[in-house]
Amino acid sequence: DAGVIQSPRHEVTEMGQEVTLRCKPISGHDYLFWYRQTMMRGLELLIYFNNNVPIDDSGMPEDRFSAKMPNASFSTLKIQPSEPRDSAVYFCASSSPLADNTDTQYFGPGTRLTVL
Amino acid sequence: RKEVEQDPGPFNVPEGATVAFNCTYSNSASQSFFWYRQDCRKEPKLLMSVYSSGNEDGRFTAQLNRASQYISLLIRDSKLSDSATYLCVVNRGNAGNMLTFGGGTRLMVKP
């Protein structure tokens, strides 16, 4: 059974460029989360979706960040324009609390973003 | 005050040692508690859930004290492969399945 899939695994871009990160959750999971991890701030929740609907985006740093979930098997996180301080590892996670009877979240391998 | 606080370590222990990590959380409405493990340059993975009665999984024992809002993880007979960062995780007590992650405690087991 495939886990959470993220692409690309690594992204190096220049300041001002648009960056799009992609995520495919575990099939059947109805919650999807986007996190950012840095040494200084640890793991921070950016936004999460339930049944493809954004529920809480209070963690999104600013208007340069946007996320969409057009269907149950795909989500994107976009940064436009990117800045060096956006350099971090971005994780996508999914869960199915009602079906699994647990809040456990399953993480993808992450996208390591470097903005020069 | 952070919602979930952990000693960042590192804890440097020899193989075979017993090591304990502690964590405190601030949200009294939290209902679910976990320990996740994160290896260097990898994603966090669930190590074990933590139940009020305490629970054990092989060499790992987790305890929860709701009154003190305190969670612990005990690792017995440490192995080199236990070297990782251990993240204390609590839910936010709402219906949205949101989790709050501690900053992690780094463990290094040496031969």
Side-chain angles (χ1 to χ4, degrees), chain A residues 2-7 9-10 21 23 25-26 29-51 53-60 88-114, chain B residues 1-10 21 23-27 29-52 55 57 60 62 64 71 73 84-106:
Chain A
V4 176
I5 299 172
Q6 291 186 246
S7 65
R9 296 291 304 277
H10 301 273
L21 311 182
C23 175
I26 293 172
H29 281 191
D30 53 348
Y31 281 82
L32 183 141
F33 305 82
W34 281 101
Y35 290 89
R36 176 173 68 177
Q37 187 174 41
T38 61
M39 289 293 292
M40 291 296 295
R41 300 173 69 90
L43 197 60
E44 302 174 281
L45 177 66
L46 300 176
I47 185 173
Y48 82 96
F49 297 81
N50 178 214
N51 292 322
V53 176
I55 302 300
D56 188 327
D57 65 355
S58 59
M60 295 285 262
V89 180
Y90 291 81
F91 288 106
C92 176
S94 71
S95 71
S96 185
L98 289 180
D100 295 348
N101 196 31
T102 174
D103 291 339
T104 302
Q105 295 178 14
Y106 300 88
F107 283 74
T111 295
R112 186 169 296 273
L113 174 65
T114 302
Chain B
R1 182 186 174 190
K2 291 182 180 178
E3 289 187 58
V4 180
E5 298 212 51
Q6 296 181 249
D7 180 343
F21 306 140
C23 155
T24 57
Y25 61 96
S26 61
N27 185 352
S30 295
Q31 296 294 324
S32 303
F33 309 89
F34 309 90
W35 284 100
Y36 274 67
R37 170 191 169 131
Q38 186 172 23
D39 292 293
C40 187
R41 303 179 76 86
K42 298 286 190 180
E43 72 272 25
K45 292 184 178 179
L46 177 69
L47 176 66
M48 60 195 301
S49 300
V50 186
Y51 304 114
S52 296
N55 49 300
D57 183 1
F60 299 83
L64 168 66
I71 306 164
L73 177 68
T85 296
Y86 291 83
L87 304 169
C88 178
V89 186
V90 305
N91 80 343
R92 296 193 186 181
N94 55 20
N97 188 218
M98 293 167 68
L99 300 179
T100 301
F101 287 74
T105 298
R106 188 175 174 200

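The figures here come from the full heavy-atom set of this structure, side chains too, leaving out hydrogens, waters and symmetry mates. Lettering of chains follows the sequences in order, A, B, ..., and the numbering in each one begins at 1.
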Next on the checklist: Check the orientation of A/His29 and A/Tyr106. Use parallel for under 30°, tilted for 30 to 60°, and perpendicular for over 60°.
Outcome noted: tilted

Checklist entry - Is the centre of the A/Tyr35 ring less than 6.0 Å from the centre of the B/Tyr36 ring? => result no

Checklist entry - Under a 4.5 Å heavy-atom cut-off, does chain A meet the side chain of B/Leu99, its backbone, both or neither? => result both

Side chains of residues 38-47 of chain A: which donor-acceptor partners sit under 3.5 Å, not counting sequence neighbours?
{"unit_1": "A/Thr38", "atom_1": "OG1", "unit_2": "A/Arg41", "atom_2": "N", "d": "3.1"}
{"unit_1": "A/Arg41", "atom_1": "NE", "unit_2": "A/Glu44", "atom_2": "OE1", "d": "3.4"}
{"unit_1": "A/Arg41", "atom_1": "NE", "unit_2": "A/Glu44", "atom_2": "OE2", "d": "2.7"}
{"unit_1": "A/Arg41", "atom_1": "NH2", "unit_2": "A/Glu44", "atom_2": "OE2", "d": "3.0"}
{"unit_1": "A/Glu44", "atom_1": "OE1", "unit_2": "A/Arg36", "atom_2": "NE", "d": "3.4"}

Next on the checklist: More than 12 heavy atoms of other residues, nucleotides or ligands under 6.0 Å from CZ of B/Arg37: yes or no?
Outcome noted: yes

Next on the checklist: Heavy-atom cut-off 4.5 Å, strictly under: side chain, backbone, both or neither for B/Gln31 against chain A?
Outcome noted: neither

Checklist outcome for this item: When the 4.5 angstrom heavy-atom criterion is applied to A/Asp103 and chain B, the contacting part is both

